[in-house]
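Here is the structure we will look at, set down as structure tokens.
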Amino acid sequence: MQAQLKTQQHAPAQVHKFGGSSLADAQRFAAVADILQQQNHHQALWVVVSAPGDTTDALLNITAATETQARDIALAALQAELTALVQQALTADAAVLVIKQLQQWLAAVPDALAKQQHNDVLAIGERLSALLLSEVLKQRGFNAAALDARDFLRLKQHQPDWTASAALLTGLTQAERIHVVTGYIARDDKGRSITLGRNGSDYSATLLGALVNATEVTIWTDVKAIYSADPRKVKAALPYSQVSWQQACQLAQLGNPVLHARTLSPLTGTATALLVRSSYQPQHAGCRVVQQDTAAQECAAQEKAQQQGFITELDNVTLLTLHQDISVSAAQLTLELQQPVIELPQQGDNLCWLLPAVCAEQALDYLAGLNIHAVWDTQRYYALAWLKSDAVAHTDTAEQLLQQQGVLHRYESTQQLIWLLAAPLPDDALEQLHRCLIQPQPVLQIVVAGTGNVGAEFLAMLGAQQQRFDAKLKLNLAAVVNSRRAALSDSIAVSNWQAALAAGVAWNAQQLAAYLQALPAPKVLVDITPSREFATLYPAVIAAGCDIISANKQGVTLPGTEYQQIKRALAQYQRQWLSNTTCGAGIPVQRTLQELLSAGDSIDEVSGIFSGTLSWLLCQYDGSKPFSEFVLQAQQAGLTEPDPRDDLSGKDVQRKLLVLARELGLTLELDDIALEPLLPAGLEQDSWQQFWPQRATLDDVLAQLFATAKAAGKVLRYVASLKLEQGKVCATVALKQVSADHALAAIAPCDNVFVIRSLWYCDNPLVLKGPGAGRVVTAGGLHADLAQLIHQLIGPATLPAPLT
Ligand SMILES: NC(=O)C1=CN([C@@H]2O[C@H](COP(=O)(O)OP(=O)(O)OC[C@H]3O[C@@H](n4cnc5c(N)ncnc54)[C@H](O)[C@@H]3O)[C@@H](O)[C@H]2O)C=CC1
Ligand SMILES: N[C@@H](CC=O)C(=O)O
């Protein structure tokens, strides 16, 4: 039947469902309108709404009131509350009409109750939400109208009557209109109002999704994902960004509160995607329940599903034992009771069903009506179910833990394990169990931006790092990005990153931020690009919960206001930014300065050779061939900046000096550092390709400088200096001639030298020396930063045994 319905719908459609908490007050109505405004309006937009806040509970109390006076007081209180909501959400003119309508509905309540039409009373909450939201949307200029689901949605013995519903809906649909539909209510085949029970509005949304053949149905709620366990109890619960349809069905059967079996049923086997998103955090991409309608999707979803486990709990449940030859299934009883009924793996000849104790008597009555005899075990249990994953091979520790808590029954199938206990697990035991069953090791999500010289080397080393830390922590490569593409695939095999990137997509900043948001913490972005534009994304990256490791010097040298903005974001979100490779590549110069300062030393001067490229060039150049040929050689060895003129102009050294100045807490800008470039003026213009034909000018200047120095018995060195004297800062970057016995003369090509003078290192300075550029040392330095983050997660490193 659903296949026929699809052919009646032409325009692609989306359904968005908002629950009571998403519509609790006027601000929430405005937030919902904001969300709808941002949707793709080329698709027909259908909205399904629950009653505002606790309105349904208030209406249930009114229907249950036994005294007229108590009922009227409750009605008056509800009217006052809802009137205030309407007045706050709408302009005065629009509010008048809605309030008048509300008054009419509430005035009709006593009569409806007298006629036992309780469901008509319960419908008032959803009717108000639909009317109010459609008016809010109209105020924003949209063509919107409220639609009472009872005008088209028909159910016969709990089952949707697709033919009748589709025919009625066709007559009510208007093109280019946002239809705001009441959730939770429908009519039966006799035309009576019915309610759809617990989470009925979610069911309304998926029924509507099937009727209009929606491409997506989004359930907007107050959680941003489907979690591996209840995130209110288990802090380390993992928010999954995708679950398979099969997993969602199993979770629903186990009574998971996010999605219910009935919600899933109208869309099972269709092409409609189901999303769970938070209306409080609409920037999160949420969780997608994936239909497995293509081989590729099925494969990817299954692979993922095998790695994702879940723990769900049900308190106050009881057992029904039935003979196996019965004509009704647990799924049918679930529909009848609108409560989860879990069929336990069979042990012996009988069937065993687990269900909430509150509805046990109702279940027995229903079964008795079908002449089915069931035995009720009146013991109340706490049930803990584990939906298995391939990530966990054995459960010994979990079993031991649960035995200590007193397991009464245990049921296992290939996909699930259910334990019944006498009392709920304390939260710390649940946390421990989560560690055993869901995440035996913490996972650090790593996103790598930049796959050039250094980036490719970093990725090449990552496989070995994964193995080194394997026993304690999983390093998951969650994305690889370069200037053209992004592989945003949750889990990329490190050996396969090139292929993953080649199959990746063009990306933009918003997509990347949303992807980072959705990744479970802890997560780190490693910036190995040379891009200033990329560095400006840091505040959004930090807001998405990522730590940052950067080799990119652009972020650490942004103008003070932008740099401070990043620092503020780090403080706000309590994240870290490690940037040791931005100066001296793998040499731990910033770390040394940090340690000295934190121990109470005060730094007076940092000077020396900060450029590996220039150090290499000036050590290697002997006048035998043009200087530019050495530059090419350095570039090919991966020593230079992507554009080597960044080195030759001294700009790169100027940046490094600023990095160290900021490390010392100085509020310097790049222009505060006097710069004497090696590159003749004018040659820094245009592209590297345009520069190349003009290289003779550079070659001539260097030949002359070299000859002069040689004649004086000296060598050329490009020297940076940062001096702090009586509160004054003097920062310079310049070419120097130094004599052969000078400390900066006796270096190996590519060496950096950092000479640190301080209160404690006064007459005899502290000197750090070693290769300051190159793929391997820089990628190694990035891994040193990464290791620092890792050790914060898993504890300090175990050092190798001392040499004997
Ligand atoms: N080569 C060295 O010895 C050292 C390099 N560094 C720094 O490492 C960084 C990378 O250097 P290389 O690997 O040599 O550069 P590269 O030019 O070989 O690679 C740069 C990578 O960044 C990507 N990229 C550029 N703009 C991007 C953007 N806006 N968004 C995303 N990706 C972008 C490119 O597609 C490329 O994959 C630079 O910032 C450099 O200053 C730092 C210390 C030492
Ligand atoms: N070109 C740079 C590379 C590292 O930052 C340098 O050698 O200074």
Side-chain angles (χ1 to χ4, degrees), residues 583-589 592 603-637 639-641 644-645 647-654 656-657 660 673-680 695 697-723 725 730-758 761-774 777:
C583 183
I587 299 175
V589 55
T592 305
I603 312 293
D604 300 322
E605 182 180 345
V606 186
S607 61
I609 295 174
F610 292 9
S611 166
T613 310
L614 296 181
S615 148
W616 189 91
L617 287 170
L618 297 176
C619 282
Q620 297 291 56
Y621 182 60
D622 55 3
S624 63
K625 56 183 181 181
F627 186 74
S628 52
E629 288 191 27
F630 289 91
V631 174
L632 262 195
Q633 232 179 305
Q635 190 184 29
Q636 281 153 10
L639 301 179
T640 70
E641 287 305 294
R645 289 174 304 167
D647 298 301
L648 300 171
S649 65
K651 277 260 172 222
D652 196 56
V653 179
Q654 194 186 30
K656 291 181 187 188
L657 192 61
L660 295 192
I673 301 168
L675 168 70
E676 192 184 293
L678 198 60
L679 192 71
R695 61 189 182 279
T697 316
L698 171 71
D699 292 338
D700 291 348
V701 170
L702 259 296
Q704 237 175 37
L705 286 167
F706 177 76
T708 315
K710 194 175 176 190
K714 296 192 171 174
V715 292
L716 295 171
R717 294 291 179 261
Y718 200 72
V719 179
S721 162
L722 176 70
K723 283 190 188 148
E725 275 167 13
C730 176
T732 60
V733 169
L735 185 71
K736 303 265 187 227
Q737 289 185 4
V738 297
S739 50
D741 58 352
H742 191 279
L744 297 184
I747 57 169
C750 197
D751 268 0
N752 274 194
V753 183
F754 296 93
V755 182
I756 302 170
R757 284 185 195 280
S758 70
Y761 293 90
C762 176
D763 300 329
N764 191 10
L766 174 64
V767 179
L768 297 172
K769 184 174 166 185
V777 290

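Nothing fancy with the numbering, it's 1 onward along the sequence.
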Min side-chain heavy-atom separation [X]-[Y] under 4.5 Å:
| X | Y | result |
| --- | --- | --- |
| I747 | S615 | yes |
| L618 | L702 | yes |
| I756 | E605 | no |
| Q737 | T708 | yes |
| L678 | S649 | no |
| L698 | L679 | yes |

For the backbone of [Y] and the side chain of [X], can you confirm whether one donor and one acceptor N or O come within less than 3.5 Å of each other?
| X | Y | answer |
| --- | --- | --- |
| R695 | S628 | no |
| R717 | V738 | no |
| D647 | E641 | yes |
| D751 | A748 | yes |

Shortest non-hydrogen separation from [X] to [Y] and the atoms involved:
| X | Y | answer |
| --- | --- | --- |
| I673 | Q654 | O-NE2, 3.0 Å |
| T640 | V631 | CG2-O, 4.4 Å |
| A585 | V777 | CB-CG2, 4.2 Å |
| A773 | C750 | O-SG, 3.6 Å |
| A731 | L722 | CB-CD1, 4.0 Å |
| W616 | P749 | CD1-CB, 3.7 Å |

Worksheet entry | Axial cation check for F630 ring with K625, 6.0 Å and 45° limits |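 That pair qualifies as a cation-pi contact.
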
Worksheet item: Just wondering, are more than 12 heavy atoms of other shown residues or ligands nearer than 6.0 Å to CG in N764?
Response: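 No - once you tally the heavy atoms of other residues, nucleotides and ligands closer than 6.0 Å, there are 12 at most.
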
Discussion item. Taking atom OH as the centre, does Y761 end up with more than 12 heavy-atom neighbours from other residues, nucleotides or ligands that are less than 6.0 angstrom away?
Written reply: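 No, OH of Y761 has 12 or fewer neighbouring heavy atoms, counting only those of other groups under 6.0 Å.
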
How long is the straight-line distance from [atom2] of [Y] back to [atom1] of [X], given to the nearest 0.5 Å?
| X | Y | atom1 | atom2 | value |
| --- | --- | --- | --- | --- |
| T732 | K723 | OG1 | NZ | 7.0 Å |
| L614 | D652 | CG | CG | 8.5 Å |
| D700 | F627 | CG | CZ | 12.5 Å |

Practice prompt. Take I603 and V606 through the side chain to side chain contact (heavy atoms under 4.5 Å, CB included) test and state the conclusion after the steps.
Written response: CA-CA 8 Å; I603 312 293; V606 186; 3.8 Å; yes

Discussion item. For F754 and S607: C-alpha separation, side-chain torsions, deciding distance, then whether side chain to side chain contact (heavy atoms under 4.5 Å, CB included) applies.
Written reply: CA-CA 6 Å; F754 296 93; S607 61; over 6 Å; no

Fill in: Criterion side chain to side chain contact (heavy atoms under 4.5 Å, CB included) on Y718 and V733, from CA distance to verdict
CA-CA 7 Å; Y718 200 72; V733 169; 3.2 Å; yes

Item to complete: Could you check I609, V719, V715 and say which one makes a side-chain contact (heavy atoms from CB on, under 4.5 Å) with K736?
Response: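 Going through the options one by one, the only one that passes is V719.
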
Worksheet item: Could you walk me through whether L639 and Q633 pass the side chain to side chain contact (heavy atoms under 4.5 Å, CB included) check?
Response: CA-CA 9 Å; L639 301 179; Q633 232 179 305; over 6 Å; no

Fill in: Distance-only donor-acceptor check, side chains D604 and S758, under 3.5 Å
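Distance-only check fails for D604 and S758.
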
